[in-house]
K.L.:
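Take this structure first; my questions come after.
Being a predicted model, the structure only gives us computed values, none of them experimental. Letters A, B, ... are given to chains in the order of the sequence lines, protein chains preceding strands, and every chain is numbered from 1.
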Amino acid sequence: MTALPSLPITDVLDDIKQGIAQHQQLVLEAPPGAGKTTLVPLALLSAEWLGQQRIIMLEPRRMAARSAAQRMASLLGEPVGQTVGYRVRQETKVSKQTRIEVITEGILTRMLLQDPSLDGVGLLIFDEFHERSIDADFGLALALQGREIFRDADTPLRLMVMSATLDGDTIASLLTTDNDTVPIIRSQGKMFPVDILYGKAKRYDENIIERVSQAAISALQQHSGSQLVFLPGQGEINKVLQRLKRHLADNGITDTVVLPLYGALPFREQQRAIEPLAKDGPQRKIVLATDIAETSLTIEGINVVIDAGLCREPCFDPATGMTRLQTRRISQDSSVQRMGRAGRLTEGVCYRLWSEEQQQQLPRQSTPQILQADLAPLLLQILVWGIDDIHELHWLDAPPSGPLSQARDLLHSLGAISGTTISTEQPLQGWTLTPHGEQMAAMPTHPRLAHMLISSAGFNLSKQACALAAVLADRHPLSRDYGADLAAVVATVSGERACHSQHQAWLKRTQQQAKTFQQLLNKYHRQPTQTAPLKEQQQTGFLLASAYPDRIARKKTGSHNNYQLSNGRAATLDNADKLSNHTWLAVAELGGSVNHVGQKSTDRIYSACEFDAELFQQALAPLTTEKTTLEWDDSVERFIAEQVTAVGKLAIKSQRIEKIPAEEKRQALLALIQKRGLSLLPWDKPTRQWQARVELLRQHHSGKQEWPNVSDQHLLNTLELWLAPYLENINKLGDFKKIKLQEVLSHLLPWPLPQQLNELAPIKISVPSGSQISIDYSQNPPVLSVKLQEMFGCADTPSIANGQIKLMLHLLSPAQRPLQVTQDLAGFWSSSYFEVQKEMKGRYPKHPWPDKPQEAAATKYTKHRPKK
DNA sequence: CTCTCCCT
């Protein structure tokens, strides 16, 4: 090996060697340009503890993995694939001599799921860990558990986490074990000084196009050299592009060129933005870029950075199973990274279009992907690993339970898992992989597409499915020609349709990917289950619907391009898109955006194909549900019943039915009573009294047994239990009168409570005159209204419930007017009675008004009419 | 107000 070049990291290489020799893990913080990616693995290659074991280093991107391997190999004076090799999707360059393998993060997960011990690997290095991809987070969690369970003390798996702007202490605390600590080593980067110039305090999205353009124009006058402008997305880039081009033209500036740079741009145009300028053309450039230029691509010759402070990132919404793009303020870490792009070759300047004070308010780090992504792929792999509680793994940030539950439900609907949910806190508990799920997990693609691939064999459609999965696995360049129509794209991949020569590279890559899927499928030898073949124009729609059953769409009546989806949402097709000729679509990709203030745009359909609703009769019948809906029709005050066939929330057929099934009707009636209240039932006075009597005894805990709760609220809540059996003959509102409510309710009182009810809360009570008088239980305490004369001779207030409840006496005049309301009869007789006596004696002379009422004989008659 | 980036 030739001597390693001297870079900033060289100063700490000895510390790293020593640290990782003495400990089983190490954290290395070093900014870009320090040389860590190349020099650290090479420096550790001859370590004694490594022996003949390999070093594996992870890179977040294929390009980065390839070039890291390339640089290391050339330092060793070897071609790639000998001592140093790499593995990325679709491409492997390793041999038996390979000691350093550079791989992308997704490959590590696959390796660990196959061999959790990572046998033969002595050191695992996570590079660029601050990017916090799901795969890196998950890979670290698996590696930690794998080495704990499967590795011996004499050949431990060492872990090194390297990053530019990582919070080293947090990650160190995750790696710390009971008997080992974690050295943190920090190194300088190689960067020229960059002046940071802040702007005024503004809302980030306020007038962004004009402010960015002005900043670029003024920087053009103040500085020589080229600019890199960070904008959130394609839309903003194109607007600023127009604005700046106009400025250059208006002012006759010819030495400067403006170039866009974003992921969807054709490769050649991306190259134009990245490459050094041609000698004979303009000598300055302004590159307008998304954050593709923050990490993935390096642009030559930039000394001015203009940062709008915004980024656009995907946010998964578990409620709809859809990912929306959200425009957000960048993190402090991100602003540092962007600023650094101005100081790679010379001193530079960075304009931030926000104030220094606002800088302090930015979040320190970007949100880790695991907290806002679709977790279905992760969940499938977690289950392959064999745990049903995510907390068995050590996470820097655990996957959140909302998206995890949604992922579980999706996997369930795709047939990948079976079980029942036991706990909402542990969404995986009670669920296991099905054989179909295991096959899905072996497919290197999203579970939706894996399901589509595997089930396609049963319909003899695997060739189309492989092409479709390959197209959907990555962005395709044909939307400009075909619009949203995927069937045309699939036909191109299958070779049935030609495409422009500029897309040849994409076509070859996609066909290769389709072939890989086909080879994996061939291993399963699936027999066709469906004899009747699908018509050609049904095929793509069928495949898409099996992957995205929640995105089957029907055009809204009277609309040209607005569709209703089976997940209950609405989405719009581009106005000019030819697909809008079709009433039914099977949608693959759709999305919308959320702006800086949280406003959501309408969801748009980006890719789809025509769909034949006939498929619901046969091949896709399992996606449909049948149910009877009952709706109360107020005009006729009765139920209208329909038999509805639906796919998800989209009703595809409904038919009026005359004979309403008993159970559905019962449920609908119960719901109607819930909504309109108990007053729909034929309450009469005795029944209400009965209810009040039971309630009274319940509240006073009278007798030896508990009384059932018969309050209105409780009856409403328990309709199903006590009323449901009596609803059979109810078809319209008037029929409620047929219910014998008193009798129905009486079943709620078990023996011996009915008898006790009559004893403890009698309907009538005897008064001294011999009359049987009804007690009014509608008030509390219950009221006994009785003529005063009938109570003569009664010393104390009458009571019920074995003396527990005193009645409220309403003592009446001979004309039935209340003279006194009292719960204290003795007190009344001895005081206010005499005032009553004085006043009433004159008015009702024929009635007795004795001076000692407690001792007088009670009577319901006048003085002159003798008692019977 | 037309889709950020990346990966098995």
K.L.:
To the nearest 0.5 Å, tell me how far A/L371 CG sits from A/R132 CZ.
P.N.:
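The distance works out to 7.5 Å.
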K.L.:
Select base, sugar-phosphate, or nothing to describe what A/S479 touches, counting heavy atoms under 4.0 Å on all strands.
P.N.:
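No contact.
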K.L.:
First and last nucleotide of DNA chain B touching chain A, 5' to 3', heavy-atom cut-off 4.0 Å?
P.N.:
B/dC1 to B/dT8
K.L.:
Tell me every residue that passes side-chain contact (heavy atoms from CB on, under 4.5 Å) with A/S580, counting only those two or more places apart in sequence or in another chain.
P.N.:
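With neighbours one apart ignored, the set is A/H560, A/N561, A/Y563, A/L573.
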K.L.:
Quick one: list whatever passes side-chain contact (heavy atoms from CB on, under 4.5 Å) with A/L375, sequence neighbours left out.
P.N.:
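By the side-chain contact (heavy atoms from CB on, under 4.5 Å) rule, A/L375 matches A/I134, A/I370, A/L378, A/P399, A/P400, A/P403, A/L404, A/A407.
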K.L.:
What does A/T109 touch in the nucleic acid at a heavy-atom separation under 4.0 angstrom: a base, only the sugar-phosphate, or nothing?
P.N.:
nothing
K.L.:
Select base, sugar-phosphate, or nothing to describe what A/P314 touches, counting heavy atoms under 4.0 Å on all strands.
P.N.:
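Base contact - A/P314 has a heavy atom under 4.0 Å of at least one base atom.
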K.L.:
Taking all non-hydrogen atoms of both residues into account, name the closest pair between A/I605 and A/A484 and its distance.
P.N.:
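The answer is O-CB, 4.3 Å.
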K.L.:
Indicate, with a heavy-atom threshold strictly under 4.0 Å, whether A/E105 touches base, sugar-phosphate, or nothing.
P.N.:
nothing
K.L.:
Closest nucleotide of DNA chain B for A/A473 versus for A/R312: which of these residues is on the 5' side?
P.N.:
A/R312
K.L.:
Is A/G233 touching bases, backbone alone, or none of the nucleic acid, heavy atoms closer than 4.0 Å?
P.N.:
sugar-phosphate
K.L.:
What's A/S133 touching, base or sugar-phosphate or nothing? Going by heavy atoms closer than 4.0 Å.
P.N.:
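The answer is nothing, as A/S133 stays clear of every strand by at least 4.0 Å.
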K.L.:
Nearest heavy atom decides the nucleotide; on that basis, is A/K239 or A/G263 closer to the 5' end of DNA chain B?
P.N.:
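Closer to the 5' end of DNA chain B: A/K239.
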K.L.:
Have a look at A/R604 and say if it touches a base, only the backbone sugar-phosphate, or nothing, with a 4.0 Å heavy-atom cut-off.
P.N.:
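Counting heavy atoms under 4.0 Å across all strands, the contact made by A/R604 is with sugar-phosphate only.
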K.L.:
Does any residue of residues 376-384 of chain A have a heavy atom under 4.0 Å from DNA chain B, and if so, which ones, in number order?
P.N.:
none
K.L.:
Can you say whether the rings of A/H436 and A/H451 are parallel (under 30°), tilted (30 to 60°) or perpendicular (over 60°)?
P.N.:
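The rings of A/H436 and A/H451 stand perpendicular, inter-plane angle above 60°.
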K.L.:
For A/R352, give me all partners under salt bridge (charged side-chain N to carboxylate O under 4.0 Å, His left out), at least two apart in sequence or on another chain.
P.N.:
none
K.L.:
Side chains of A/R312 and A/T327: donor-acceptor distance under 3.5 Å anywhere?
P.N.:
yes
K.L.:
Using a 4.0 Å heavy-atom cut-off, does A/I292 contact any base of the nucleic acid, only the sugar-phosphate backbone, or nothing at all?
P.N.:
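Sugar-phosphate contact only - A/I292 comes under 4.0 Å of backbone atoms but never of a base.
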K.L.:
For A/R61, which contact category applies under a 4.0 Å heavy-atom criterion: base, sugar-phosphate, or nothing?
P.N.:
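Since only primed, P, OP1 and OP2 atoms lie under 4.0 Å of A/R61, the category is sugar-phosphate.
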K.L.:
Can you name the side-chain contact (heavy atoms from CB on, under 4.5 Å) partners of A/Q234, sequence neighbours left out?
P.N.:
A/N238, A/Y262, A/A264
K.L.:
Would you sort out whether A/L478 and A/D481 count as a side chain to side chain contact (heavy atoms under 4.5 Å, CB included), showing the intermediate values?
P.N.:
CA-CA 5 Å; A/L478 302 181; A/D481 305 340; 4.3 Å; yes
